Amino acid sequence: MDLSRFTKRGEFAWEVAPREAMHVPAIVYADEALMHAMDEKVYTQVTNVAKLPGIVKACYAMPDAHWGYGFPIGGVAAFDPARDGVVSAGGVGFDISCGVRCLHTGLHKEDLEANQKRLVDTLFERIPCGVGRTGPMRLRRKELDAMLSGGAEWAVSCGYGTRVDLERIEERGCMRGARAEEVSAQAKDRQCEQMGTLGSGNHYLEVQHVAKVFDYETGSVFGLSPGDIVVSIHCGSRALGHQIGTDFLKKMLAASAEYGIKLPDRELACAPIESPLGQSYLGAMRAGINCALANRQIITYLTRQVFADVLPKANLTLLYDVSHNTCKEEVHVVDGKRMPLYVHRKGATRALGPGHPDLPAAFHPVGQPVLIGGTMGTASYVLVGTMESAALSFSSACHGAGRAMSRHQAVRHWRGREVLDELATRGILVRSPSMRALAEEAPLAYKDVSAVVDAADRAGLARKVAKLEPVVCIKG
DNA sequence: ATGTTC
């Protein structure tokens with residue numbers, strides 16, 4: 001990316017002052033090396049979003065930002081409903097409420113040694129993954145609607161976990177204000193057999209060990225010590241979220257003209273928050289959030305069954321479950337005034353600081369666990385939310401490594417079998433229904449997740465707590 | 001991300 005258009009604001013923040021139709025500045029958080037390597041499209045997209053009606057304060061890009069549909073992936077933007085602020089389907093993304101859930105196992109690295117192969121094979125056998133795979137249940141319309149209203153709370157009421165799990169899920173497992181009736185029949189039909197499935201692309205289930213702890217005090221509050229075994233699940237709302245995105249993009253494109261919104265890019269199609277279409281999308285999108293929360297809860301249930309068979313000593317309890325593709329109503333301070341805003345986070349993790357009322361009591365002294373998914377060959381990180389991120393990024397941080405190479409390029413560079421074998425020599429056992437998917441997801445097709453996390457840490461978006469390294473990975 | 005292109 002050409003840096004000459006940015007003004008440096010400290011070592012890790014780069015600002016574009018409002019120009020042309022921009023209402024607010026655009027700010028990218030990254031170090032100089034990540035800035036140089038960053039997709040040129042991030043500049044175009046982050047400055048385009050700054051032109052949308054009702055945007056407040058600034059449009060942000062996280063250190064892992066790259067080219068997305070309309071908004072960059074790694075983008076954060078907040079809109080004021082009282083000043084014609086908008087909601088955008090492309091600002092949430094197609095995989096509504098894609099997120100990461102991390103589970104303690106109570107096991108230590110040595111406990112795995114004799115069972116690693118059996119564990120990966122059993123997980124692969126029992127956890128449906130890959131394009132179009134169906135899950136362990138088929139929901140009738142009424143049950144599906146209950147799921148869309150209830151999220152993980154619904155899943156627990158069906159026996160997929162306990163109420164203790166809900167405490168450690170964003171929104172306590174249920175996004176309020178969901179409107180199942182705003183979700184199309186097509187979206188529901190596509191989803192009815194997909195609950196409890198991982199999906200494809202960068203989605204995965206990994207068994208990881210805590211390779212390093214940077215902050216022992218917070219690590220102890222999070223229950224993370226060196227050598228501990230954890231399970232991380234990265235997936236979202238499957239076909240349902242994708243269909244909601246497709247349905248509403250079409251409606252928003254037609255409506256943008258009707259509402260007199262001048263779009264800098266058709267992909268930024270949106271509707272005023274206070275309009276019937278804006279409210280309809282928010283209701284459907286919240287139903288999509290509940291679908292993702294329920295999905296991760298059911299996958300957790302399946303994972304617990306696998307551990308009960310393979311490593312019965314294990315006890316899987318939630319550290320936390322947090323999304324990185326949402327639009328949520330939150331109160332933030334802008335120009336010294338507290339106001340309700342609609343915060344879009346697309347490939348950006350909510351990262352609440354210490355004492356925030358939306359956090360469970362256990363996290364009040366330190367802040368929210370911020371779960372950063374890596375690639376199958378590298379590392380994942382657990383960060384903790386800071387007080388200063390409220391002013392820096394509407395309490396948001398990065399979400400992963402971010403792609404450095406397109407899927408198409410990756411397939412030309414590597415063969416899936418090579419990737420699999422190379423990882424196996426490093427002690428990482430991977431299973432996937434698709435060799436092509438493994439080539440697409442080759443670790444080197446991603447940016448260096450450690451550099452991304454360091455930049456987020458140094459910028460003050462969130463602080464490093466622990467580094468997780470994979471042992472076993474199920475990839476869609 | 002996605003019944004990997006209505």
Side-chain angles (χ1 to χ4, degrees), chain A residues 39 41 45 64-75 88-101 128-135 138-139 144 183-205 233-251 253-254 267 284-285 287-289 291-293 295-296 299 323-327 344-349 373 375-376 399-403 405-412 416 432-442 445-446 474-476:
Chain A
D39 199 334
K41 278 277 186 182
Q45 295 194 319
D64 52 338
H66 57 108
W67 180 15
Y69 188 93
F71 280 57
I73 295 163
S88 164
V92 172
F94 285 93
D95 192 5
I96 295 169
S97 198
C98 183
V100 181
R101 166 178 293 210
C129 60
V131 178
R133 274 294 294 277
T134 55
R138 186 192 165 88
L139 295 184
L144 198 121
V183 177
S184 68
Q186 193 183 0
K188 291 177 185 179
D189 288 343
R190 287 181 65 180
Q191 190 60 35
C192 65
E193 291 185 289
Q194 291 202 332
M195 296 309 293
T197 65
L198 265 183
S200 66
N202 65 358
H203 290 168
Y204 59 78
L205 182 150
I233 298 167
H234 177 210
C235 65
S237 51
R238 306 286 284 112
L240 183 116
H242 190 269
Q243 192 62 47
I244 292 171
T246 305
D247 292 341
F248 279 91
L249 269 166
K250 208 180 290 172
K251 291 185 191 182
L253 191 58
E267 294 184 358
M285 191 257 331
I289 292 179
C291 177
L293 297 179
N295 194 33
R296 290 195 286 272
I299 292 171
S323 301
H324 46 237
N325 284 358
T326 59
C327 176
H344 294 67
R345 294 188 183 90
K346 178 183 183 180
T349 310
T375 63
M376 56 199 164
H399 84 305
R403 288 202 81 90
M405 194 185 278
S406 73
R407 293 182 180 281
H408 191 73
Q409 281 175 301
V411 170
R412 282 184 314 196
S432 171
S434 160
M435 281 299 140
R436 185 188 167 90
L438 292 183
E440 289 178 349
E441 293 294 318
Y446 281 84
I474 304 300
K475 196 87 182 166

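Here the structure is a predicted model, which is why all the values come from computation and not from measurement.
- Scored by the side chain to side chain contact (heavy atoms under 4.5 Å, CB included) test, Ala410(A) finds Arg403(A), Met405(A), Trp414(A), Ala445(A) as partners (sequence neighbours excluded).
- Atom-to-atom, CZ of Phe94(A) to P of dT5(B) comes out at 12 Å; the value is rounded to the nearest Å.
- For the pair His203(A) NE2 and dT2(B) C1', the computed distance is 10 Å after rounding to whole Å.
- Side-chain atoms of Ser432(A) come within 3.5 Å of backbone N or O of Ser434(A) as a donor-acceptor pair.
- His234(A) and His324(A) have perpendicular rings, their planes meeting at more than 60° on a 0 to 90° scale where under 30° would count as parallel.
- Arg436(A) has no side-chain polar atom (N or O) that falls below the 4.0 Å cut-off from OP1 or OP2 of dT4(B).
- Between Leu249(A) atom CG and dC6(B) atom P there is a gap of 14 Å when expressed in whole angstrom units.
- Rounding to whole angstrom units, CD of residue Gln194(A) and C1' of dT4(B) are separated by 13 Å.
- Rounded to an integer number of Å, the gap from Asp189(A) CG to dT2(B) C1' is 16 Å.
- Partners of Arg133(A) according to the side chain to side chain contact (heavy atoms under 4.5 Å, CB included) rule, which considers only residues two or more places apart in sequence or in another chain, are Pro128(A).
- At whole-Å resolution of the value, OH in Tyr69(A) and P in dT2(B) are 17 Å apart.
- Computed from coordinates, the Gln243(A) CD to dT5(B) C1' distance equals 14 Å when rounded to whole Å.
- Between Phe248(A) atom CZ and dT2(B) atom P there is a gap of 20 Å when expressed in whole angstrom units.
- Contact annotation for Gln186(A): base contact, defined as any heavy-atom pair under 4.0 Å involving a base atom.
- Taking 4.0 angstrom as the limit, Ser200(A) places a side-chain polar atom (N or O) nearer than this to OP1 or OP2 of dT2(B).
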